[in-house]
Amino acid sequence: MLRSLGRFVVIESIKHAPSELLGNALAALEHWAVQTYEGREVTAGLGLLTTHDEWTEMSTVNFEEYRRLDVAKVLGDGVSSLMVFDSTGQVRGLHSLPGGDNSARAPLRFSGAAAWSEENRVSLCLSRRGEILLFTNGELRFARRRGSWIYFDQASTIRRWKIHSTSLRSSVYESCLDASFSRTGACVAMVTMANAQNVKSLVADEDMLASSRDNAKLAALRTIIGGRSFQELDRAVRQDLLALDGAVILSHTGAILAAGAIVRVPGGSEGGGRRAAALELSKLGVGLKISSDGGLTAFSNSDVVYAGF
């Protein structure tokens with residue numbers, strides 16, 4: 001699997017986009033990533049149409065002229081709006097974006113930009129952390145993080161997670177994107193049916209949602225979850241659960257067994273608490289660790305089966 005890439009490989013991979021325009025847009029975003037505007041980091045959102053006549057609005061300003069304007073660092077933030085260009089690089093207008101798409105194959109904050117990129121369009125977003133995200137056909141495909149371009153492929157990634165439910169694996173992947181790009185860090189596990197009863201050997205009874213014990217944390221979590229599976233919860237709720245200190249543990253169907261749970265790990269474990277917990281939980285199915293810098297590592301039976309983001 002491709003992980004760390006150069007800009008040229010990214011441009012060549014998006015064959016339906018005009019290569020010169022895409023290259024110029026990526027170069028502009030990489031430049032703006034180290035710029036400020038009125039003392040604040042620059043955010044930006046660019047939409048690239050693949051045909052010349054898709055929109056009726058049009059100006060005589062092309063991309064190379066636009067990128068040199070100071071207002072280019074303000075118009076279109078990638079979250080609520082995109083500055084749109086046609087395939088020749090002409091400005092076509094500022095497009096408002098919807099938000100909060102629960103099924104977006106993209107970080108929730110950028111779900112509007114992902115939705116706009118359907119039908120071979122390309123949307124590019126620069127976050128306030130200096131990360132550049134590229135969406136096409138409704139999905140996050142590349143991101144420039146920590147100085148390198150990284151390739152994202154939901155289908156091939158979740159195929160490595162040996163849990164039967166595709167809807168659960170997809171929902172967990174999407175929530176991992178949310179935790180990764182919000183930089184909260186997370187530890188989440190999906191437990192096989194055969195190992196469901198073994199969770200209690202790793203997690204204290206007072207952390208299990210099915211516990212007969214009564215405490216304020218469990219009462220609050222039960223109210224929030226309301227008996228729903230992980231994939232039935234709103235994306236924002238799932239993101240908040242993953243941000244809790246401790247692990248989110250799911251059954252093979254997506255039932256939430258524990259959230260914010262402290263996992264018993266062997267003494268002398270290396271690599272930090274989240275990694276140790278994910279490794280231990282992987283003995284029951286799949287353990288996922290999202291680090292505070294956004295990286296994702298997936299374990300199964302203590303082996304690394306994916307490392308990316």
Side-chain angles (χ1 to χ4, degrees), residues 154-180 184-213 215 217-218 221-222 224-235 237-266 269 271-291 296-309:
Q154 176 171 329
S156 68
T157 300
I158 67 173
R159 202 176 294 126
R160 302 162 187 255
W161 303 349
K162 301 304 181 183
I163 296 294
H164 179 70
S165 172
T166 301
S167 67
L168 174 59
R169 286 181 283 136
S170 296
S171 295
V172 169
Y173 176 90
E174 291 154 6
S175 290
C176 285
L177 285 177
D178 297 339
S180 174
T184 58
C187 177
V188 58
M190 294 172 282
V191 178
T192 64
M193 181 168 60
N195 283 315
Q197 295 303 314
N198 297 330
V199 174
K200 295 177 181 178
S201 66
L202 298 179
V203 176
D205 183 59
E206 58 264 26
D207 279 339
M208 299 290 293
L209 286 176
S211 172
S212 59
R213 300 193 184 196
N215 61 56
K217 174 186 170 182
L218 287 179
L221 288 173
R222 288 167 183 153
I224 292 165
I225 295 166
R228 291 170 291 177
S229 67
F230 186 79
Q231 54 269 47
E232 290 172 329
L233 292 176
D234 185 84
R235 280 275 288 271
V237 175
R238 286 165 18 197
Q239 183 175 343
D240 285 349
L241 290 178
L242 263 62
L244 294 173
D245 184 22
V248 172
I249 304 174
L250 311 172
S251 77
H252 67 288
T253 63
I256 302 172
L257 306 178
I262 304 304
V263 178
R264 300 186 185 99
V265 299
S269 298
R274 288 195 188 104
R275 181 182 177 87
L279 268 169
E280 199 64 20
L281 289 166
S282 77
K283 298 173 183 177
L284 307 182
V286 177
L288 305 168
K289 172 239 181 182
I290 301 98
S291 62
L296 168 67
T297 308
F299 304 95
S300 182
N301 198 26
S302 301
D303 293 325
V304 175
V305 293
Y306 174 83
F309 284 22

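Count residues from 1 along the sequence.
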> Does the pair Leu296 and Tyr306 meet the rule for a side chain to side chain contact (heavy atoms under 4.5 Å, CB included), with working shown?
Replying inline: CA-CA 8 Å; Leu296 168 67; Tyr306 174 83; 3.7 Å; yes
> Stepwise, does the side chain to side chain contact (heavy atoms under 4.5 Å, CB included) test hold for Leu218 with Leu209?
Replying inline: CA-CA 6 Å; Leu218 287 179; Leu209 286 176; 4.0 Å; yes
>> I'd like to know whether Leu281 forms a side chain to side chain contact (heavy atoms under 4.5 Å, CB included) with Phe299, so could you lay out the CA-CA distance, the side-chain angles of the two residues, the decisive distance to 0.1 Å, and finally the verdict.
In response: CA-CA 9 Å; Leu281 289 166; Phe299 304 95; over 6 Å; no
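For Arg264 against Ala204, the heavy-atom pair with the smallest separation is NH2-CA, 3.6 Å. Contact record, Ala277 with Cys187: CB-SG, 3.9 Å, taken as the closest heavy-atom pair.
Remark: the Asn195 side chain and the Thr192 side chain contain an N/O donor-acceptor pair separated by less than 3.5 Å. Residues Thr166 and Arg169 bring a donor and an acceptor atom of their side chains to less than 3.5 Å of each other.
Salt bridge absent: Asp205 and Lys200 never bring a charged side-chain N and a carboxylate O closer than 4.0 Å.
For Ser165, the side-chain hydrogen bond (donor to acceptor under 3.5 Å, both in side chains) criterion is met by Ser167, not counting sequence neighbours.
Ring geometry for Tyr173 versus Trp161: interplanar angle of 30 to 60°, hence tilted.
Inter-residue side-chain proximity for Ile256 and Ser229 is flagged as unmet; no heavy-atom pair is nearer than 4.5 Å. Side-chain contact between Leu242 and Leu244: absent, with no pair of heavy atoms (C-beta onward) separated by less than 4.5 Å. Taking the side chain as every heavy atom from C-beta outward, Leu241 and Leu233 approach each other to under 4.5 Å. When side chains are defined from C-beta on, Thr297 counts as touching Val304, because their heavy atoms get closer than 4.5 Å. Within the 4.5 Å cutoff, no side-chain heavy atoms of Ser211 are placed close to those of Glu206. Taking the side chain as every heavy atom from C-beta outward, Leu288 and Cys176 approach each other to under 4.5 Å. The shortest side-chain heavy-atom distance between Ser251 and Val191 does not fall under the 4.5 Å cut-off. Residues Asp207 and Lys217 form a side-chain contact, since some pair of their non-hydrogen atoms from C-beta on lies under 4.5 Å apart.
The CD atom of Gln231 lies 7.0 Å from the OG1 atom of Thr253; values are rounded to the nearest 0.5 Å. With values rounded to the nearest 0.5 angstrom, Arg235 atom CZ is found 8.5 Å from Ser171 atom OG. Atom OG of Ser302 sits about 7.0 Å away from atom CD of Glu280, to the nearest 0.5 Å. Distance check, rounded to the nearest 0.5 Å: CG of Asp178 to CG of Asp240 gives 10.0 Å. Rounded to the nearest 0.5 Å, atoms OG (Ser291) and CZ (Arg274) are 8.0 Å apart.
Counting only distance, with no hydrogens or angles, the side chain of Arg275 and the backbone of Lys289 share no donor-acceptor pair below 3.5 Å. Formation of a donor-acceptor pair under 3.5 Å by the Arg238 side chain with backbone atoms of Glu232 is not found in this model. Of the possible donor and acceptor atoms, one in the side chain of Ser282 sits under 3.5 Å from a partner among the backbone N and O of Leu279. No donor-acceptor pair closer than 3.5 Å links the side chain of Ser175 to the backbone N or O of Val172.
In the displayed structure, Asp245 atom CG is contacted under 6.0 Å by at most 12 heavy atoms of other residues, nucleotides or ligands.
The only option from Asn301, Ile249, Leu202 that meets the side-chain contact (heavy atoms from CB on, under 4.5 Å) definition with Leu284 turns out to be Leu202.
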